[in-house]
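Below you'll find the structure I mean.
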Amino acid sequence: RPPTRNPPRRGGPPPLASTAGTMGGTATAAVGTDTGEASAKYHEFLSLARRSILELNPAMLANRGESARSDALSRVRDNISNLAATVERTAKLPRLRILSVANSGGTVLGISRIEDALQANRCLEKLVVDQNDHRVSGTTSLMGSLPINSTLRHLSLANCRLGTAGILSLAKGLILNQHLEFLSLRGNDCGAAAAAALGGVLGGSRGTALKTLNLSSCHLTDEAGGAI
């Protein structure tokens, strides 16, 4: 049986609900549209796009012949294009400067994706990843991101199970970074080889921007301490 449709309201399309749990409310919150005329246009194009998608016939979608569905899809594409252009003009693009995912249960893959994004990010200044399962494979992302990123100033990796191998990988990225000022490796085992690598970063000919290095509870041996 075909789905029951609500009768259209006179005088225009049905209004969008404004609560956060609806499509309209959620989309508005996500893009952070401005108030006023630009926001009104956003709601208008969102309503048109939603309606054109809802009106797509399942039988038409199943038909692989492009000519049989070209008109309907063309309307959808036009409405989506208008919506996208409006969002581009009115959205407040995110300018996040501080991000903490400490003790969030993040996996190596999830944390790595955040750190991979540092290659393109030009706003974030502070990243706190404490008490997540980072390990050596996770530091590969930082090894590739730190040489490129120029805005991150504070990085905390406390109790992330980095170990000597992870800190070695991190040091490879640090030696090519001239912007990071604070680094916490608290609670990660730091062997002599990792300590020597950090010492090389701190005493390298190019110097470093690091002003604070937290190695508390890193189980440093006399050899490791001497290397730093």
Side-chain angles (χ1 to χ4, degrees), residues 29-30 32 92-228:
K92 297 175 181 176
L93 298 178
R95 307 288 294 180
L96 196 66
R97 297 190 180 279
I98 299 174
L99 174 62
S100 176
V101 292
N103 199 24
S104 62
T107 63
V108 173
L109 178 60
I111 298 300
S112 294
R113 287 183 175 176
I114 293 175
E115 293 167 346
D116 283 335
L118 292 173
Q119 297 178 18
N121 187 282
R122 295 294 181 267
C123 297
L124 197 68
E125 297 175 0
K126 181 177 181 178
L127 176 61
V128 179
V129 193
D130 299 352
Q131 295 177 284
N132 283 290
D133 189 9
H134 200 289
R135 288 182 282 181
V136 59
S137 54
T139 53
T140 303
S141 295
L142 286 172
M143 187 170 61
S145 296
L146 287 176
I148 301 172
N149 183 277
S150 61
T151 59
L152 192 68
R153 299 291 185 266
H154 180 117
L155 175 62
S156 186
L157 297 166
N159 298 300
C160 281
R161 300 173 62 188
L162 298 182
T164 295
I167 296 175
L168 279 170
S169 293
L170 180 63
K172 294 177 183 178
L174 285 172
I175 205 166
L176 297 169
N177 179 283
Q178 296 293 309
H179 306 281
L180 193 69
E181 297 177 354
F182 177 99
L183 175 63
S184 176
L185 298 175
R186 177 175 55 84
N188 294 285
D189 287 339
C190 182
L198 290 175
V201 171
L202 296 173
S205 58
R206 292 186 60 195
T208 177
L210 271 179
K211 297 177 181 178
T212 302
L213 176 61
N214 186 347
L215 296 175
S216 58
S217 301
C218 283
H219 306 102
L220 295 173
T221 64
D222 290 343
E223 182 184 0
I228 293 175

Between Val129 and Cys160, the two heavy atoms sitting closest are O-SG, 3.2 Å
To the nearest 0.5 angstrom, please state how far the CG atom of Asp189 sits from the OG atom of Ser217. 10.0 Å
Between Leu180 and Asn149, is any pair of side-chain heavy atoms under 4.5 Å apart? no
Separation of Asp130 CG from Asn103 CG (nearest 0.5 Å):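 Nearest 0.5 Å value for the CG-CG distance: 9.0 Å.
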Locate the shortest heavy-atom distance separating Thr208 from Leu202; write the atom from each residue and the value. CG2-CA, 4.1 Å
Just jot down the side-chain hydrogen bond (donor to acceptor under 3.5 Å, both in side chains) partners of Asn159, sequence neighbours excluded, or say none. none
Provide the closest heavy-atom pair for Ala192 versus Ala227 in the form atom of the first, atom of the second, distance. O-CB, 4.4 Å
For residues Leu146 and Leu176, determine if any side-chain heavy atom of one lies less than 4.5 Å from a side-chain heavy atom of the other.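 Counting from C-beta outward, Leu146 and Leu176 never come under 4.5 Å.
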Do the non-hydrogen side-chain atoms of Leu99 and Ile114 ever get within less than 4.5 Å of each other?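 The answer is yes; the side chains approach within 4.5 Å.
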Could you grab the distance from atom SG of Cys123 to atom CD1 of Ile98, nearest 0.5 Å is fine?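 Here the interatomic distance stands at 13.0 Å.
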Residues Arg153, His179; criterion side-chain contact (heavy atoms from CB on, under 4.5 Å); working and verdict: CA-CA 6 Å; Arg153 299 291 185 266; His179 306 281; 3.3 Å; yes
Is it true that a side-chain atom of Asn188 and a backbone atom of Leu157 form a donor plus acceptor pair closer than 3.5 Å? yes
Rounded at 0.5 Å granularity, tell me how far CZ in Arg186 sits from SG in Cys218.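 Reported to 0.5 Å precision, the distance equals 9.0 Å.
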Is the CD atom of Glu223 crowded by more than 12 outside heavy atoms at less than 6.0 Å?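 No, because the 6.0 Å sphere around CD of Glu223 holds 12 heavy atoms or fewer from other groups.
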Which heavy-atom pair separates Gln119 from Ile148 by the least distance, and what is that distance? O-CG2, 3.5 Å
Between atom OG of Ser150 and atom CD of Gln178, what is the distance when rounded to the nearest 0.5 Å?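 These two atoms lie 12.0 Å from each other.
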Should the pair Glu125-Arg97 be classified as a salt bridge under the 4.0 Å nitrogen-to-oxygen rule?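 Yes, Glu125 and Arg97 are salt-bridged.
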Measuring from atom CG of Leu170 to atom CG of Leu198, what distance do you get when rounded to the nearest 0.5 angstrom?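 Here the interatomic distance stands at 7.5 Å.
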Which heavy atom of Gly191 sits nearest a heavy atom of Thr164, and at what distance?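 Looking at all heavy atoms of both residues, the shortest contact is N-OG1, 2.9 Å.
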Over all heavy atoms of both residues, which pair between Asp116 and Ser141 is shortest? Give the atoms and the distance, please.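 Answer, listing the atom of Asp116 first, then Ser141: OD1-OG, 3.0 Å.
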Under 3.5 Å, is there a donor-acceptor pair between the side chain of Asn132 and the main chain of Ile111? no
Would you say the side chain of Leu109 lies within less than 4.5 Å of the side chain of Arg113, judging by non-hydrogen atoms? yes
Criterion side-chain contact (heavy atoms from CB on, under 4.5 Å) on Asn177 and Leu152, from CA distance to verdict: CA-CA 10 Å; Asn177 179 283; Leu152 192 68; over 6 Å; no
If we only count heavy atoms from C-beta on, is the Glu181 to His154 side-chain gap below 4.5 Å?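 They are not in contact (no side-chain heavy atoms under 4.5 Å apart), so the answer is no.
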